[in-house]
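As structure tokens, the structure follows; a few thoughts come after it.
First listed ligand is number 1; within each ligand, the first listed atom is number 1.
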Amino acid sequence: MEKLIITVAICGAEARKLDNPALPVTPEEIAQEAYKSYLAGASVVHLHVRDQHGNPSQDVGNFRYAMELIRQKCDMIIQISTGGAIGASPEERVAPLELMPEMASLTCGTVNFGEGVFWNPPNLITGFARRMKELGVRPEIEVFEAGMIQNALNLVKKGLLDSPLHFDFVMGVPGGITGYLRDLIYLSETVPPGSTWTVAGIGRFELPLAVAAIILGGHVRVGFEDNIYYRKDVLAESNAQLVERVKRIALELGREIATPAEARRILHISRD
Ligand code: KMH
Ligand code: ZN
């Protein structure tokens, strides 16, 4: 098995300081949390930013500043979100690609998202994929439902995505695929051979799916975007605490942890 890539999803768009006071929201807090997570074993940071009020934002300036601060501290792979928050316009969501991060998320279909709708119609997906290709940004295909894998494979046929694809199975969002082991087995066996995949279990699904991915040869995403708890009724102290636990379990199971350089090789990212 390849070494384990741990992605940290620091703040996302949905969690609030009210939910967990340790949630990082300023660029400085986000960068410091990324660095602490890097020291704990993360090689990829899935990046969202917030505005000065702590609300979700796709502001290019905030992304630029957070990316600069992270790069001053470590060589983690920076993966910006093109998902943003429910209700963000396609223009807002795609704007930070101009910063040419090494990676960006690309959700390949529409899904109910709690009480909202995470809106990703075909023309939006096609436009985002085309822009990533033009800018040399490696997409991570976000899969909230099984049909999103087929949508991604259609983009490969159209020449808008390059194989091997890298997927993130986001499991347990209310409205999307559930987060049980049978679901992960199904998704991991549905992607084409040679693909890489990571799993982001939402809430209580985070830890069991992480353990399953370690065993199955996938990779793992943890962080406050997906889960703010360490265990039932106990808030996590930091993103790094969640990363450290995954690293500890992986090492116990005989799976070594990838450095950012090793993650670049596994994910087919070449630095210019
Ligand atoms: N905040 C969700 C609506 C992504 O980053 O690409 C979408 C999301 C996915 O977080
Ligand atoms: Zn995200």
Side-chain angles (χ1 to χ4, degrees), residues 6-16 19 23-25 30 33-34 37 42 44-51 54-60 62-63 66-67 70 76-97 99 101-121 124-125 127-129 131-132 137-145 148-149 151-152 155 161 165-177 197-203 205-206 219-228 239 242:
I6 305 176
T7 297
V8 63
I10 302 257
C11 64
E14 287 78 30
R16 302 165 305 167
D19 306 317
L23 181 82
V25 290
I30 289 169
E33 192 81 348
S37 300
V44 180
V45 53
H46 171 76
L47 191 64
H48 288 249
V49 293
R50 303 290 179 102
D51 67 14
N55 295 319
S57 163
Q58 289 293 104
D59 181 77
V60 175
N62 282 2
F63 268 107
M67 287 170 71
I70 294 168
M76 295 177 93
I77 298 169
I78 299 178
Q79 178 195 97
I80 64 142
S81 169
T82 66
I86 297 294
S89 70
E91 293 74 25
E92 287 171 307
R93 286 170 52 187
V94 82
L97 284 183
L99 300 169
E102 287 182 274
M103 292 186 88
S105 58
L106 176 66
T107 299
C108 280
T110 296
V111 63
N112 287 355
F113 195 96
E115 296 304 309
V117 179
F118 185 26
W119 190 244
N120 297 288
L124 179 148
I125 306 170
F128 282 20
R131 195 69 190 126
M132 288 186 202
V137 177
R138 175 88 165 127
E140 177 180 87
I141 312 301
E142 310 296 311
V143 172
F144 291 74
E145 272 295 355
M148 295 190 190
I149 296 174
N151 291 340
L155 291 178
L161 292 178
L165 295 176
H166 174 62
F167 295 91
D168 176 28
F169 305 139
V170 186
M171 304 177 64
V173 168
I177 193 165
W197 59 266
T198 190
V199 67
I202 303 303
F205 292 117
E206 183 173 85
H219 302 278
V220 173
R221 177 174 115 173
V222 291
F224 286 176
E225 173 163 349
D226 305 328
N227 167 44
I228 56 171
N239 283 276
L242 297 169

Would you compute the distance between atom [atom1] of [X] and atom [atom2] of [Y] and round it to the nearest 0.5 angstrom?
X    : Y    : atom1 : atom2 : value
I228 : D19  : CD1   : CG    : 5.0 Å
L99  : M67  : CG    : CE    : 5.0 Å
L161 : C108 : CG    : SG    : 6.0 Å

- Shortest non-hydrogen contact between H46 and E225, atoms and distance: CD2-OE1, 2.9 Å

- Of all the heavy-atom pairs spanning C11 and I30, show the shortest one and how long it is. SG-CD1, 4.0 Å

- Task: Say whether, by atom type as modelled, one donor and one acceptor occur between the side chain of R50 and the main chain of G12 under 3.5 angstrom.
- Result: yes

For ligand 1, which atoms sit closer than 4.0 Å to a heavy atom of [X]?
X    : answer
H48  : 5 (O), 10 (O)
S105 : 4 (C), 5 (O), 6 (O)
S81  : 4 (C), 5 (O), 6 (O)
E14  : 1 (N), 2 (C), 3 (C)

- Task: Assess G84 for proximity to ligand 1: is some non-hydrogen atom of it under 4.0 Å away?
- Result: yes

Any [X] side-chain heavy atom under 4.5 Å of [Y] side chain:
X    : Y    : answer
E206 : L242 : yes
V222 : N227 : no
E142 : V111 : no

- Counting heavy atoms only, which of Q79, E142, E225 is nearest atom 8 (C) of ligand 1? E225

- Top protein contact for atom 7 (C) of ligand 1, by heavy-atom distance: F118 CZ, 3.5 Å

- Query: Between S81 and H48, is any side-chain donor less than 3.5 angstrom from a side-chain acceptor?
  - Reply: yes

- Task: Could you tally the protein N/O/S atoms lying less than 2.8 Å away from the Zn ion (ligand 2)?
- Result: 3

- Query: Does T82, backbone or side chain, put an N or O under 3.5 Å from an N or O of ligand 1?
  - Reply: no

